[in-house]
Amino acid sequence: MNNEQFTVESLGIVAAAGNGFRLVFRPEYRDALTGLEGFSHLQVLFWFHLHDTPEQRKTITCSKPYAKAPDVLGIFATRSDYRPNPIGLSICPVKGVNRAKGFIELFYIDAEDETPIIDVKPYHPAVDRVREAGVPGWCRHWPQWYEDSGDFDWGSEFMFPA
(Lines give C-alpha, C1' and ligand atoms only; values in the text may rest on other atoms or scores of the structure.)
Protein backbone atom coordinates (compact mmCIF):
# COMPACT_ATOMS: atom_id res chain seq x y z
CA MET A 1 0.00 0.00 0.00
CA ASN A 2 1.28 3.44 -0.90
CA ASN A 3 1.85 5.73 2.12
CA GLU A 4 1.31 9.04 0.37
CA GLN A 5 1.01 12.26 2.28
CA PHE A 6 -1.12 15.15 1.11
CA THR A 7 -0.97 18.87 1.70
CA VAL A 8 -4.28 20.52 2.55
CA GLU A 9 -4.47 24.30 2.78
CA SER A 10 -7.05 26.19 4.80
CA LEU A 11 -9.37 28.23 2.57
CA GLY A 12 -10.60 30.29 5.51
CA ILE A 13 -12.28 29.76 8.86
CA VAL A 14 -15.64 29.14 10.48
CA ALA A 15 -16.68 32.20 12.48
CA ALA A 16 -19.47 32.35 15.05
CA ALA A 17 -21.61 35.31 13.98
CA GLY A 18 -24.50 36.49 16.14
CA ASN A 19 -27.22 33.87 15.87
CA GLY A 20 -25.46 31.88 13.16
CA PHE A 21 -22.12 31.23 11.58
CA ARG A 22 -20.03 32.45 8.68
CA LEU A 23 -17.54 30.73 6.49
CA VAL A 24 -14.96 33.48 6.01
CA PHE A 25 -12.66 32.89 3.05
CA ARG A 26 -9.18 34.17 2.36
CA PRO A 27 -9.29 36.91 -0.33
CA GLU A 28 -7.79 34.71 -3.03
CA TYR A 29 -10.80 32.32 -2.77
CA ARG A 30 -13.60 34.91 -2.98
CA ASP A 31 -14.23 34.27 -6.69
CA ALA A 32 -14.74 30.58 -5.86
CA LEU A 33 -18.07 31.64 -4.29
CA THR A 34 -19.42 32.67 -7.72
CA GLY A 35 -22.62 30.78 -8.55
CA LEU A 36 -23.42 29.56 -5.02
CA GLU A 37 -26.40 31.91 -4.73
CA GLY A 38 -29.62 29.89 -4.76
CA PHE A 39 -28.25 26.73 -3.16
CA SER A 40 -30.16 26.10 0.06
CA HIS A 41 -27.50 23.79 1.54
CA LEU A 42 -23.77 23.24 1.24
CA GLN A 43 -21.43 20.43 2.16
CA VAL A 44 -18.62 21.91 4.22
CA LEU A 45 -15.43 19.99 4.87
CA PHE A 46 -13.34 21.26 7.74
CA TRP A 47 -10.35 20.33 9.90
CA PHE A 48 -10.98 19.26 13.51
CA HIS A 49 -8.04 21.43 14.59
CA LEU A 50 -8.78 21.11 18.31
CA HIS A 51 -8.27 17.34 18.10
CA ASP A 52 -5.27 17.12 15.79
CA THR A 53 -2.62 15.45 17.93
CA PRO A 54 -0.58 12.31 17.22
CA GLU A 55 -2.35 10.51 20.08
CA GLN A 56 -5.86 11.46 18.94
CA ARG A 57 -5.03 10.48 15.35
CA LYS A 58 -4.29 6.94 16.63
CA THR A 59 -7.92 6.54 17.76
CA ILE A 60 -9.51 3.82 15.62
CA THR A 61 -12.18 2.49 18.00
CA CYS A 62 -14.30 3.97 20.74
CA SER A 63 -16.25 2.48 23.62
CA LYS A 64 -20.04 2.66 23.23
CA PRO A 65 -20.34 6.29 22.07
CA TYR A 66 -24.14 6.08 21.67
CA ALA A 67 -26.76 4.72 24.07
CA LYS A 68 -27.88 1.84 21.83
CA ALA A 69 -24.56 1.21 20.07
CA PRO A 70 -22.47 -1.94 20.46
CA ASP A 71 -19.85 -1.89 23.24
CA VAL A 72 -17.14 -0.95 20.70
CA LEU A 73 -17.43 0.89 17.40
CA GLY A 74 -14.79 1.57 14.78
CA ILE A 75 -14.17 5.28 14.40
CA PHE A 76 -15.44 5.13 10.79
CA ALA A 77 -18.87 4.10 12.14
CA THR A 78 -19.06 7.37 14.11
CA ARG A 79 -19.00 11.09 13.42
CA SER A 80 -16.35 11.59 16.10
CA ASP A 81 -13.81 14.38 15.76
CA TYR A 82 -11.06 11.96 16.89
CA ARG A 83 -9.95 10.46 13.57
CA PRO A 84 -6.78 9.32 11.78
CA ASN A 85 -7.31 12.34 9.50
CA PRO A 86 -9.38 14.84 11.50
CA ILE A 87 -11.71 15.88 8.67
CA GLY A 88 -15.26 16.94 9.44
CA LEU A 89 -18.23 17.12 7.09
CA SER A 90 -21.40 19.06 7.74
CA ILE A 91 -24.45 19.70 5.58
CA CYS A 92 -25.29 23.33 6.27
CA PRO A 93 -28.38 25.44 5.53
CA VAL A 94 -27.36 28.69 3.83
CA LYS A 95 -28.57 32.17 4.87
CA GLY A 96 -26.66 34.02 2.17
CA VAL A 97 -23.53 34.41 0.10
CA ASN A 98 -21.45 37.58 -0.02
CA ARG A 99 -18.79 37.05 -2.67
CA ALA A 100 -17.57 40.68 -2.51
CA LYS A 101 -16.73 40.35 1.19
CA GLY A 102 -15.75 36.68 0.94
CA PHE A 103 -18.16 34.94 3.28
CA ILE A 104 -21.11 32.57 3.37
CA GLU A 105 -23.69 33.01 6.14
CA LEU A 106 -24.98 29.78 7.67
CA PHE A 107 -27.77 29.05 10.07
CA TYR A 108 -25.71 26.25 11.67
CA ILE A 109 -22.56 24.17 11.33
CA ASP A 110 -21.27 21.59 13.82
CA ALA A 111 -17.79 23.12 13.95
CA GLU A 112 -16.08 25.35 16.47
CA ASP A 113 -15.30 29.04 16.01
CA GLU A 114 -12.05 29.47 14.02
CA THR A 115 -12.19 25.94 12.59
CA PRO A 116 -10.21 25.79 9.31
CA ILE A 117 -12.29 25.25 6.16
CA ILE A 118 -10.96 22.60 3.75
CA ASP A 119 -13.61 22.73 0.99
CA VAL A 120 -17.20 23.66 0.17
CA LYS A 121 -19.45 21.84 -2.27
CA PRO A 122 -23.06 22.55 -3.24
CA TYR A 123 -25.62 20.06 -1.99
CA HIS A 124 -27.44 18.51 -4.97
CA PRO A 125 -30.41 16.24 -4.12
CA ALA A 126 -29.94 14.38 -7.42
CA VAL A 127 -26.53 13.05 -6.37
CA ASP A 128 -26.31 13.59 -2.60
CA ARG A 129 -29.58 12.07 -1.39
CA VAL A 130 -30.35 8.35 -1.20
CA ARG A 131 -34.00 7.28 -1.19
CA GLU A 132 -33.68 4.10 0.85
CA ALA A 133 -30.51 4.43 2.92
CA GLY A 134 -29.96 1.71 5.50
CA VAL A 135 -28.51 2.07 8.98
CA PRO A 136 -27.74 -0.43 11.76
CA GLY A 137 -30.38 -1.14 14.40
CA TRP A 138 -28.59 0.83 17.13
CA CYS A 139 -29.26 4.13 15.29
CA ARG A 140 -32.41 3.26 13.34
CA HIS A 141 -34.54 5.34 15.75
CA TRP A 142 -32.62 8.54 14.88
CA PRO A 143 -34.43 11.10 12.67
CA GLN A 144 -34.69 10.19 9.01
CA TRP A 145 -34.30 13.77 7.78
CA TYR A 146 -31.95 16.63 8.61
CA GLU A 147 -34.87 18.96 9.27
CA ASP A 148 -36.18 16.64 12.01
CA SER A 149 -32.82 16.48 13.84
CA GLY A 150 -33.27 19.77 15.71
CA ASP A 151 -36.14 18.40 17.79
CA PHE A 152 -34.47 15.06 18.53
CA ASP A 153 -33.07 14.45 22.03
CA TRP A 154 -29.44 13.97 20.98
CA GLY A 155 -28.31 14.44 24.60
CA SER A 156 -29.78 11.08 25.55
CA GLU A 157 -27.93 9.36 22.69
CA PHE A 158 -24.35 10.23 23.58
CA MET A 159 -22.60 8.26 26.31
CA PHE A 160 -19.71 10.65 26.95
CA PRO A 161 -20.03 13.51 29.43
CA ALA A 162 -20.95 16.94 28.01
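All values reported here derive from a predicted model rather than from experimental measurement.
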- Looking at R22 and A17, what are the two nearest heavy atoms and their distance? CG-CB, 3.9 Å
- Side-chain contact test, heavy atoms from C-beta onward, threshold under 4.5 Å: evaluate it for V94 versus F107 and give yes or no. no
- Would I104 and L36 count as a side chain to side chain contact (heavy atoms under 4.5 Å, CB included) if you check the C-alpha gap in whole Å, the side-chain angles of each, and the deciding distance to 0.1 Å? CA-CA 9 Å; I104 300 170; L36 281 179; 3.7 Å; yes
- Message: Using every non-hydrogen atom in the two residues, find where G12 and S10 come nearest and quote the distance to one decimal.
- Response: O-OG, 2.8 Å
- Query: Checking K64 side chain against P70 main chain: does a donor-acceptor pair fall under 3.5 Å?
  - Reply: no
- Nearest heavy atoms of D110 and F46, plus distance in Å: O-CZ, 3.7 Å
- Message: Do Y66 and C139 make a side-chain contact, defined as non-hydrogen atoms from C-beta onward lying under 4.5 Å apart?
- Response: no
- Item | Non-hydrogen side-chain atoms of W138 and R140 separated by less than 4.5 Å | no
- State the CZ-CD distance between R57 and E55, to the nearest 0.5 angstrom. 12.5 Å
- Message: If I compare all heavy atoms of Y108 with all of P93, which pair ends up nearest, and what's the gap?
- Response: O-CD, 3.9 Å
- Query: Quick one: are H49 and I13 in side-chain contact, heavy atoms under 4.5 Å?
  - Reply: no
- Exam field: side chain N85 to backbone I87, donor-acceptor pair closer than 3.5 Å: no
- Short question: side chain of W154, backbone of S149 - any donor-acceptor pair under 3.5 Å? yes
- Q43-D128 side chain donor-acceptor pair, cut-off 3.5 Å: yes
- Please lay out, stage by stage, how Y123 and F39 fare under the test side chain to side chain contact (heavy atoms under 4.5 Å, CB included). CA-CA 7 Å; Y123 178 87; F39 283 100; 6.0 Å; no
- Query: How far apart are the closest heavy atoms of Y82 and H51, and which atoms are they?
  - Reply: CE1-ND1, 3.2 Å
- Message: Side chains of T115 and E112: any donor to acceptor distance under 3.5 Å?
- Response: no
- Task: List the steps and the verdict of side chain to side chain donor-acceptor pair (under 3.5 Å) for T53 and Q56.
- Result: CA-CA 5 Å; T53 67; Q56 291 166 330; 3.1 Å; yes
- Do K121 and L42 have side chains that get closer than 4.5 Å, going by heavy atoms? no
- Assess whether atom CD of E37 is packed by more than 12 heavy atoms of other residues, nucleotides or ligands within 6.0 Å. yes
- Can you find a pair of side-chain heavy atoms, one from R99 and one from T34, that are under 4.5 Å apart? yes
- Task: May I ask you to check whether over 12 heavy atoms, not counting those of E157, lie within 6.0 Å of atom CD?
- Result: yes
- Task: Specify the closest pair of heavy atoms between S80 and F48, including all atoms of both residues, with the distance to one decimal.
- Result: O-CE1, 4.1 Å
- Message: Please determine whether side chain to side chain contact (heavy atoms under 4.5 Å, CB included) holds for the pair D113 and V14, giving the CA-CA distance in whole Å, both sets of side-chain angles, and the decisive distance to 0.1 Å.
- Response: CA-CA 6 Å; D113 192 39; V14 173; 5.6 Å; no
- Query: Under 3.5 Å, is there a donor-acceptor pair linking the side chains of S156 and D153?
  - Reply: yes
- Item | Same apolar cluster (I L V M F W Y, side chains within < 4.5 Å links), Y29/L23 | yes
- Message: Could you go through V72 and C62, starting from their C-alpha distance and side-chain angles, then the distance that decides it, and tell me whether this counts as side chain to side chain contact (heavy atoms under 4.5 Å, CB included)?
- Response: CA-CA 6 Å; V72 175; C62 57; over 6 Å; no
- Message: In this structure, would V8 and L45 fall into the same cluster of hydrophobic residues linked by side-chain contacts under 4.5 Å?
- Response: yes
- Quick one: pull up CD1 in I117 and CZ in R26 and give me the separation to the nearest 0.5 Å. 10.5 Å
- Hey, is CG on D148 packed in by over 12 heavy atoms from elsewhere, all under 6.0 Å? yes
- Message: Using a strict threshold of under 4.0 Å (side-chain N to carboxylate O), is an ion pair present between D81 and R83?
- Response: no
- Query: Say you draw a straight line from CH2 of W145 to CZ of R129; how long is it, rounded to the nearest 0.5 Å?
  - Reply: 5.5 Å
- Would you verify whether the NZ or CZ of R30 falls within 45 degrees of the ring axis of F25 while also being under 6.0 Å from that six-membered ring's centre? no
- State plainly whether one hydrophobic cluster holds both V120 and F103, where clusters connect Ile, Leu, Val, Met, Phe, Trp and Tyr through side-chain heavy atoms under 4.5 angstrom apart. no
- Within-4.5 Å side-chain heavy-atom neighbours: C92 and H41: no
- Message: Within the supplied structure, the quantity of interest is the number of heavy atoms (other residues, nucleotides, ligands) at a distance under 6.0 Å from I60 CD1; does it exceed 12?
- Response: no
